[in-house]
Amino acid sequence: MDYRKINFDAALNMGPEAYNRSVGRWWLKQSSNAVHAYAYRKIAQHINGFISLNPKRIVDYACGAGHMLWRLYWLYPESRLLGIDGSALLLKRARQRLQILGKDWKMRTDLVETYLPNFSLPTGLADLCLFVFLPLQQ
């Protein structure tokens, strides 16, 4: 499969499981390139510049492979993080990325697999909510 090109209509017509197959693999490849790494770093820097206090709760909606969660974990060491995504494949990669942080990552970070949007998720307050979608290509 050519990961640079994907027919999203055809892939998504196969149902939500596409996020664990063709769409998930495509997004994993895309989000791991140097352009995305730079964009994630810049977004985290801007967030840090706008927020003067440590947020108690951060929600990363459609967190994918956890790139932003990893950066926010370091920027806000007292924050609880929640990553939500519809792809078990991408959440598995997020867990692998966050494990590098050591054993404490599990005490501060929750990852939830659910189809998006899901309006039946538990409600509550968050000090910072993110929805970062960067369909950039190299």
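- If you take CG on Asp127 and CZ on Arg57, they are separated by 10.0 Å, rounding to the nearest 0.5 Å.
- Summarising the geometry, atom OG belonging to Ser32 is positioned 6.0 Å from atom CZ belonging to Arg93; distances are rounded to the nearest 0.5 Å.
- Under a hydrophobic-cluster definition in which Ile, Leu, Val, Met, Phe, Trp and Tyr are linked whenever side-chain heavy atoms come within less than 4.5 Å, directly or via other members, Val23 and Leu90 are assigned to the same cluster.
- Among Asp104, Asp60, Leu98, Leu101, the one residue that satisfies the side chain to side chain contact (heavy atoms under 4.5 Å, CB included) test with Thr109 is Leu98.
- Taking CD of Glu17 as the reference point, atom OG of Ser22 lies at 10.0 Å (rounded to 0.5 Å).
- Atom-to-atom distance recorded for Ile58:CD1 and Met68:CE is 9.0 Å, nearest 0.5 angstrom.
- In this structure, Leu91 CG and Asp85 CG are separated by 5.0 Å, a value rounded to the nearest 0.5 Å.
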Between side-chain atoms of residues 69-76 and protein atoms elsewhere (two or more places apart, or another chain), which donor-acceptor pairs fall under 3.5 Å?
| from | atom 1 | to | atom 2 | distance (Å) |
| --- | --- | --- | --- | --- |
| Tyr76 | OH | Asn48 | OD1 | 3.4 |

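- Following chains of ILVMFWY side-chain contacts shorter than 4.5 Å, one can reach Ile84 starting from Phe131, so the two form part of one hydrophobic cluster.
- Residue Leu89 is not grouped with residue Tyr61 when hydrophobic side chains (ILVMFWY) are merged at heavy-atom distances under 4.5 angstrom, including chains of intermediate members.
- Using modelled atom types, no side-chain atom of His67 and backbone atom of Ala37 make a donor-acceptor pair closer than 3.5 Å.
- Every residue two or more places apart in sequence or in another chain that forms a salt bridge (Lys or Arg N to Asp or Glu O under 4.0 Å) with Arg80 is listed here: Asp110.
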>> Checking Val132 against Tyr40 for the side-chain contact (heavy atoms from CB on, under 4.5 Å) test, could you report, in this order, the C-alpha distance in whole Å, the side-chain angles of both residues, the deciding distance, and whether it holds?
In response: CA-CA 9 Å; Val132 178; Tyr40 289 127; 4.0 Å; yes
>> If you apply the rule side-chain hydrogen bond (donor to acceptor under 3.5 Å, both in side chains), what do you find for Asn54 with Ser79, and how did you get there?
In response: CA-CA 7 Å; Asn54 275 331; Ser79 299; 5.1 Å; no
